[in-house]
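All remarks here apply to the structure that follows.
Side chains included, hydrogens not; waters and symmetry mates left out as well; all remaining heavy atoms used.
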Amino acid sequence: MIKLTLPDNSVREYEDGVLAVDVAKSISEGLARNVVGAVYNGKTIGLMEEIKEDGTIKFLKFEDKEGKDVFWHTSSHILAHAVKRLWPDAKLAIGPAIDNGFYYDIDVEHRFVAEDFEKIEAEMKKIVKEGLQLERFELPRVEAIKFMEDRQESYKVELIQDLPEDAIISFYKQGDFVDLCAGPHLESTKKPKAMKLLSIAGAYWRGNENNKMLQRIYGISFEKAKELEEHLKMLEEAKKRDHRKLGRELELFFMSEEGPGFPFFLPKGVEVKNELMKFWREMHRKAGYVEIESPLMLNRHLWETSGHWYNYRENMYTTVIDEQDFAIKPMNCPGGILVYKNSMHSYKDFPLRVAEAGRVHRHELSGALHGLMRVRAFTQDDAHLFILPEQIKDEIKGVIKLIDEIYKQFGFSYKLELSTRPEKFLGEIKDWDLAEASLQAALEELELDFIINEGDGAFYGPKIDFHLTDCIGRTWQCGTIQLDYQLPQRFEMEYVGADGQKHRPIMIHRTAFGSIERFFGILIEQYAGAFPTWLAPVQVKILPISDKFMEYAKKVKDQLFDLNIKVELDSRAEKIGYKIREAQMEKVPYMFIVGEKEAESNTVSVRERQKGDIGSMSIEEISNTILNKIKNRENDSPQSV
């Protein structure tokens with residue numbers, strides 16, 4: 001039980017929900033302004049997520065993102081502590097919480113292998129059992145540097161030296177282990193009882209290929225063994241669904257050393273992408289969008305005006321043409337603005353909804369590349385809405401509805417996150433405040449649940465992010481809605497108002513798929529490669545029992561082809577059982593087996609992916625069934641939600 005003493009000396013009691021205890025941080029951030037004292041088991045506690053005017057309080061729990069971050073951040077310290085006990089000469093770099101666990105980068109002569117995990121985990125369990133208190137303390141810069149130099153922690157010294165002059169330099173101590181850290185952390189090491197080390201990878205110090213390669217150990221932790229067991233089962237299922245593995249096996253795409261981060265799509269992969277884009281275009285046409293296409297490369301002046309040259313330069317590919325700097329576009333929005341400015345607009349034109357499936361390029365570090373999920377070239381399904389101030393809420397609601405319909409087509413649920421002004425931003429704070437209030441009001445009017453992610457907005461505006469949940473419980477950030485007052489000002493965009501005067505439009509940036517390539521990768525894993533019939537690159541595989549029936553098989557293929565059904569003929573001189581197994585491995589929705597009986601009766605013997613053998617049918621009957629599934633975009637994948 002937690003007891004809080006409020007300013008009027010009244011006491012409130014709360015159930016035990018505290019994961020994080022960090023009094024210094026909560027007070028320094030002003031989070032404890034409505035609480036005079038908070039006591040838990042006789043100790044002062046802190047790190048409140050939210051304190052309302054009536055004095056009610058919400059503590060961090062593991063179910064919350066902030067709670068997970070605190071839990072896993074502490075777990076990373078336990079990992080580092082264990083490594084230091086076993087290899088005292090190891091030097092520590094960084095050890096953050098990540099989306100699914102934590103890691104620590106370590107510099108040590110010993111080369112870690114999977115066999116070391118058992119020994120490290122045993123030491124981690126000892127530290128958990130010891131229940132060591134995490135104690136925070138601060139040091140002035142000079143003392144902090146000496147403190148880490150004495151411990152021969154050169155990476156920590158470098159981190160301290162790079163901190164701003166006025167930075168608070170804090171440390172966390174647990175037993176004989178001390179780490180440079182801003183926190184926050186759990187009260188002690190006793191809560192992460194179920195821990196598992198997962199993998200080892202190389203990681204350049206600070207992500208710079210010119211720096212030393214460190215060893216990165218990944219891990220996960222929970223309070224209960226059952227939670228860990230469920231998570232490990234999910235990871236095993238995720239391995240089976242890995243889009244990189246399935247992409248090769250199903251001949252959808254491949255990556256090449258000649259173009260790291262630049263995917264090559266094979267014919268079957270292009271079929272899937274084309275169907276995705278057909279669906280995307282139909283949805284946008286119904287929602288009143290027009291589609292444009294802007295150039296792949298534009299000059300430096302444009303990117304200076306947009307702010308990308310100064311705020312995003314390190315991620316851009318540049319070149320020189322006729323002694324003038326150019327950049328390959330990392331984003332579509334400046335090109336869309338030039339399209340807007342190509343003609344004068346009236347207030348009667350608004351809302352103006354302009355979509356673009358534009359190819360963009362971004363320089364990602366080689367260590368961050370991951371199949372289709374993190375690439376250097378991708379197609380962003382952008383749209384830019386140019387609107388009047390009084391249209392903000394309705395347009396945001398319309399965008400949310402459109403994205404919701406798109407996600408439901410694939411069986412995805414999602415969570416919403418409102419990200420606010422970052423430290424590095426363009427424009428006036430008053431415009432940011434209005435933009436953030438408008439986004440929040442739209443979400444509240446739609447009665448949608450959302451969380452606020454402070455300081456994680458784009459440099460030109462706040463945003464709403466959509467975090468998809470797939471069929472095995474993983475989350476993916478895809479769609480986004482960003483309200484922008486800045487670029488219309490920077491590009492001096494105008495429209496003629498009802499008063500005959502010129503005014504600035506308001507701009508909404510939004511994506512649904514986000515990156516079409518990344519969304520493709522997510523779908524491969526969502527369906528485990530068994531795409532719904534409408535999306536499948538091959539919808540029907542025709543399997544003749546022997547060469548004697550090849551002519552009839554070709555006739556059936558031609559009939560299906562003329563109906564725009566995606567069909568392949570297996571003409572190999574193999575046994576029918578082998579052909580069926582191969583088609584099953586290819587996850588084809590339908591197999592048509594043809595032999596003497598089928599050729600004589602002008603039918604096919606149909607095997608359906610989920611039901612197996614469904615009997616002999618006429619070409620017309622089974623074709624109509626397949627065409628209806630395609631027309632209705634039926635989600636008939638055996639792996640769908």
Side-chain angles (χ1 to χ4, degrees), residues 21-22 24-25 28 70 72-98 102-112 116-117 119-190 192 195 197 200-208 211-219 221:
V21 176
D22 191 335
K25 183 172 176 63
S28 68
V70 170
W72 287 334
H73 193 179
T74 302
S75 300
S76 76
H77 278 221
I78 294 172
L79 165 59
H81 193 174
V83 169
K84 289 289 283 186
R85 282 184 176 182
L86 296 168
W87 291 276
D89 293 336
K91 290 180 172 56
L92 304 177
I94 59 171
I98 53 177
F102 57 90
Y103 70 77
Y104 217 110
D105 288 346
I106 300 165
D107 183 2
V108 64
E109 287 188 13
H110 175 79
R111 304 309 299 173
F112 292 122
D116 291 321
F117 284 178
K119 183 164 58 172
I120 298 172
E121 287 170 359
E123 197 63 41
M124 292 170 74
K125 288 176 182 177
K126 289 181 185 177
I127 294 168
V128 170
K129 192 172 183 181
E130 290 167 14
L132 302 172
Q133 295 292 309
L134 274 92
E135 303 170 13
R136 184 181 189 275
F137 64 92
E138 298 172 7
L139 290 176
R141 177 181 296 272
V142 174
E143 291 182 32
I145 290 173
K146 186 176 186 306
F147 186 77
M148 281 296 157
E149 284 178 340
D150 290 345
R151 284 159 177 73
Q152 298 183 339
E153 295 288 0
S154 56
Y155 297 100
K156 303 296 182 180
V157 170
E158 183 177 331
L159 289 172
I160 296 170
Q161 290 171 335
D162 287 349
L163 289 172
E165 287 297 326
D166 59 349
I168 295 173
I169 303 173
S170 59
F171 299 82
Y172 278 81
K173 180 179 185 297
Q174 56 191 53
D176 60 353
F177 175 78
V178 180
D179 202 358
L180 172 72
C181 189
H185 283 283
L186 304 181
E187 181 183 25
S188 76
T189 62
K190 67 182 179 182
M195 308 180 84
L197 300 183
I200 308 164
Y204 292 109
W205 169 232
R206 293 191 152 182
N208 188 330
N211 289 337
K212 186 173 184 178
M213 176 74 78
L214 307 177
Q215 298 184 77
R216 177 173 294 179
I217 301 178
Y218 287 94
S221 63

Self-check item: Steps toward side-chain contact (heavy atoms from CB on, under 4.5 Å) verdict (Leu132, Phe177)
Solution: CA-CA 10 Å; Leu132 302 172; Phe177 175 78; over 6 Å; no

Quiz item: Where do Met124 and Ala82 come nearest, in terms of heavy atoms and distance?
Solution: CG-CB, 3.6 Å

Quiz item: Do Glu123 and Lys126 sit within salt-bridge range, that is, some charged N less than 4.0 Å from a carboxylate O?
Solution: yes

Self-check item: Rounded distance (nearest 0.5 Å) linking atom CD of Glu135 with atom CD of Gln174
Solution: 10.0 Å

Practice problem: Determine, stepwise, if the pair Ile217 / Asp116 fulfils side-chain contact (heavy atoms from CB on, under 4.5 Å). | Solution: CA-CA 11 Å; Ile217 301 178; Asp116 291 321; over 6 Å; no

Quiz item: Is a side-chain donor or acceptor of Glu121 paired with a backbone partner of Leu197 at a separation under 3.5 angstrom?
Solution: yes

Quiz prompt | Aromatic plane relationship, Phe147 with Phe171 - under 30° parallel, 30 to 60° tilted, over 60° perpendicular | solution = perpendicular

Quiz item: Tell me, do Lys125 and Met195 make a side-chain contact under 4.5 Å, heavy atoms counted?
Solution: no

Self-check item: Short side-chain to backbone donor-acceptor contact, Glu153 and Leu92, under 3.5 Å
Solution: yes

Quiz item: Which atom pair, heavy atoms only, marks the closest approach of Thr74 to Leu186?
Solution: OG1-N, 2.9 Å

Exercise. Identify the residue among Tyr104, Tyr103, Phe102 that makes a ring pair (Phe, Tyr, Trp, His ring centres under 6.0 Å) with Tyr218.
Key: Tyr103

Quiz prompt | Verdict with supporting geometry, Leu159 and Arg206, side-chain contact (heavy atoms from CB on, under 4.5 Å) | solution = CA-CA 10 Å; Leu159 289 172; Arg206 293 191 152 182; 3.1 Å; yes

Quiz prompt | Interatomic distance, Glu158 atom CD to Leu180 atom CG [nearest 0.5 angstrom] | solution = 12.0 Å

Quiz prompt | Value rounded to 0.5 Å, distance of NE2 in His110 from CH2 in Trp87 | solution = 4.5 Å

Quiz item: Is any side-chain N of the basic residue among Glu130 and Arg85 closer than 4.0 Å to the acidic one's carboxylate O?
Solution: yes

Practice problem: Examine His81 together with His77 and report whether their ring centres are nearer than 6.0 Å. | Solution: no

Quiz item: Would you say Glu149 has more than 12 foreign heavy atoms packed within less than 6.0 Å of its CD?
Solution: yes

Practice problem: Using atom types as modelled and distance alone, determine if a side-chain donor or acceptor of Ser170 lies under 3.5 Å from a backbone N or O of Phe137. | Solution: no

Quiz item: Side chains of Leu134 and Thr189: closer than 4.5 Å at any heavy-atom pair?
Solution: yes

Quiz item: Should we say atom NZ of Lys173 is surrounded by more than 12 heavy atoms from elsewhere, each under 6.0 Å from it?
Solution: yes

Quiz prompt | Residue pair Gly183 / His185: nearest heavy atoms and the distance that separates them | solution = CA-CD2, 3.9 Å

Quiz item: Does the side chain of Ile120 come within less than 4.5 Å of Phe112's, by heavy atoms?
Solution: yes

Practice problem: Kindly indicate, with the supporting measurements, whether the criterion side-chain contact (heavy atoms from CB on, under 4.5 Å) is fulfilled by Leu139 and Ile169. | Solution: CA-CA 6 Å; Leu139 290 176; Ile169 303 173; 5.5 Å; no

Exercise. Looking only at non-hydrogen atoms, find the nearest pair between Ile160 and Ala144 and report the distance.
Key: CD1-O, 3.7 Å

Exercise. Might you point out which heavy atoms bring Arg136 and Ala182 nearest each other, and give the distance in Å?
Key: NE-O, 4.4 Å

Quiz item: Closest approach of Lys91 and Ser154, non-hydrogen atoms and distance?
Solution: CD-OG, 3.7 Å

Exercise. Determine yes or no for a side-chain-to-main-chain donor-acceptor pair under 3.5 angstrom, with Arg141 supplying the side chain and Pro164 the backbone.
Key: yes

Quiz item: With a 4.0 Å cut-off, would you call Asp179 and Lys84 a salt bridge?
Solution: no

